[in-house]
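Following: one structure in C-alpha cells, then a few remarks.
Below, each value reflects all heavy atoms present in this structure, side chains not excepted, and no hydrogens, waters or symmetry copies.
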Amino acid sequence: SILGHILYETGADVTAFIGGIVENYNSNLIGDGKTVTVVEADEFDRSFLHLHPNIACITSMDADHLDIYGTSDAIEASFLEFADKVKDKSKLFITKDLPLLGVTVAVNEEAVYSAFNSRIEDGNYLFDIKTPGGVSFDFRFGLPGKHNLMNALMAIAMAEIFGTPTEAIALAL
C-alpha cells in the first residue's frame, strides 16, 4: 500500500491491489492506471508464484502457513522460486537476514538502502535514509512500528528504482 500510495501521489499511471482495506483510500485499490501494477502478494496459497514481477521485495520468509506448506523448508523453497522470477537482482529488495541474492534494505543497520537516525516527532517517524544515490534527511512517516518503517524503506527503494525522484517520494510519504 505504501508503494502504491507513493506512485499514485507522484503521478504514476498506477493501479495497486492491496490485501486489505487501505485507510486513506477506503478500498483495497489505489488508482486506476494501466501502465504500472503494484500487487501485495501473499504466499498463503502459493498464488504469488503465478506473478512475474519486474521489481519485488521480500520482507520475511517466516514459517507461516504450515497448514499449506508442511515445513519451513517448503516455505523457503517457494520464496526462492518467487525470487528467481525477478531476473534483474538489482530490482529485488530484501532484508539482510534472508538467504537470497538482492539489494539489502535495513533499519539502523548498514545496507544498500538504510534508514537511520530514526526518531518520533509529533506522532510521526522522522528518519534519514542512505541510498546508492546518497543520503537524504528528515523523511516523515506516520505509521507506527519498526516493521512499518521497514515497509516504508522498501517502498522508497522500489519507487526510486522505478524512477521516482527522492524529493517526490518524501512529499508523498
Side-chain angles (χ1 to χ4, degrees), residues 1-8 12 14-23 25 27-31 33-116 118 127 129-133 141 143-164 169:
S1 64
I2 300 167
L3 177 60
H5 173 75
I6 289 170
L7 295 179
Y8 180 77
V14 65
T15 297
F17 299 95
I18 312 304
I21 301 300
V22 181
E23 188 175 316
Y25 296 89
S27 175
N28 67 332
L29 291 173
I30 298 173
K34 298 189 183 348
T35 305
V36 178
T37 303
V38 174
V39 176
E40 180 184 2
D42 190 336
E43 76 281 5
F44 165 68
D45 59 359
R46 293 186 171 97
S47 61
F48 75 132
L49 297 176
H50 297 286
L51 300 172
H52 299 280
N54 296 319
I55 302 171
C57 74
I58 300 176
T59 56
S60 72
M61 294 176 18
D62 294 338
D64 199 6
H65 308 299
L66 291 176
D67 55 327
I68 302 295
Y69 289 91
T71 67
S72 59
D73 288 342
I75 292 170
E76 187 171 312
S78 70
F79 276 101
L80 291 170
E81 183 179 340
F82 177 77
D84 283 344
K85 292 177 178 291
V86 182
K87 300 303 179 203
D88 181 351
K89 296 306 179 212
S90 71
K91 295 181 179 181
L92 176 63
F93 298 90
I94 60 170
T95 58
K96 289 180 67 171
D97 59 333
L98 297 179
L100 300 168
L101 180 61
V103 178
T104 55
V105 178
V107 174
N108 295 324
E109 292 182 67
E110 187 58 37
V112 176
Y113 285 83
S114 60
F116 62 96
S118 62
F127 59 98
I129 63 168
K130 178 187 76 82
T131 72
F141 184 65
L143 293 178
K146 184 179 176 183
H147 67 289
N148 280 320
L149 185 55
M150 173 62 85
N151 292 339
L153 186 57
M154 286 282 190
I156 290 166
M158 290 187 291
E160 188 176 89
I161 272 299
F162 178 72
T164 308
I169 294 169

Can a donor-acceptor pair be found, under 3.5 Å and without considering hydrogens, that links the side chain of [X] to the backbone of [Y]?
| X | Y | answer |
| --- | --- | --- |
| K130 | A111 | yes |
| T37 | T15 | no |
| K85 | P53 | no |

In Å and rounded to the nearest 0.5 Å, what is the [atom1] to [atom2] distance from [X] to [Y]?
| X | Y | atom1 | atom2 | answer |
| --- | --- | --- | --- | --- |
| I156 | I2 | CD1 | CD1 | 8.5 Å |
| R46 | F82 | CZ | CZ | 15.0 Å |
| L29 | I18 | CG | CD1 | 8.0 Å |
| L98 | S60 | CG | OG | 7.0 Å |
| I169 | L7 | CD1 | CG | 8.0 Å |
| S78 | L49 | OG | CG | 5.5 Å |

Shortest non-hydrogen contact from [X] to [Y]?
| X | Y | value |
| --- | --- | --- |
| L153 | A106 | CD2-O, 3.1 Å |
| V112 | P132 | CG1-CG, 3.7 Å |
| L3 | A159 | CD1-N, 3.8 Å |
| F141 | N148 | CE2-O, 3.4 Å |
| M158 | C57 | CE-SG, 3.7 Å |
| L92 | A83 | CD2-CB, 3.7 Å |

>> Apply side chain to side chain contact (heavy atoms under 4.5 Å, CB included) to residues H5 and V22 and explain how you reach the verdict.
In response: CA-CA 10 Å; H5 173 75; V22 181; over 6 Å; no

>> I'd like to know whether T95 forms a side-chain hydrogen bond (donor to acceptor under 3.5 Å, both in side chains) with D97, so could you lay out the CA-CA distance, the side-chain angles of the two residues, the decisive distance to 0.1 Å, and finally the verdict.
In response: CA-CA 6 Å; T95 58; D97 59 333; 2.6 Å; yes

With side chains defined as the heavy atoms from C-beta onward, is the minimum distance between [X] and [Y] less than 4.5 Å?
| X | Y | value |
| --- | --- | --- |
| V107 | K146 | yes |
| F17 | V38 | no |
| I161 | F93 | yes |
| M61 | L100 | yes |
| V39 | F48 | no |

> Partners of E23 by salt bridge (charged side-chain N to carboxylate O under 4.0 Å, His left out), sequence neighbours excluded?
Replying inline: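 For E23, no residue satisfies salt bridge (charged side-chain N to carboxylate O under 4.0 Å, His left out) once neighbours in sequence are set aside.
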
> Distance only, no hydrogens: is a donor on one side chain within 3.5 Å (strictly under) of an acceptor on the other, for D45 and S47?
Replying inline: yes

> Residues in side-chain hydrogen bond (donor to acceptor under 3.5 Å, both in side chains) with K89, at least two apart?
Replying inline: none

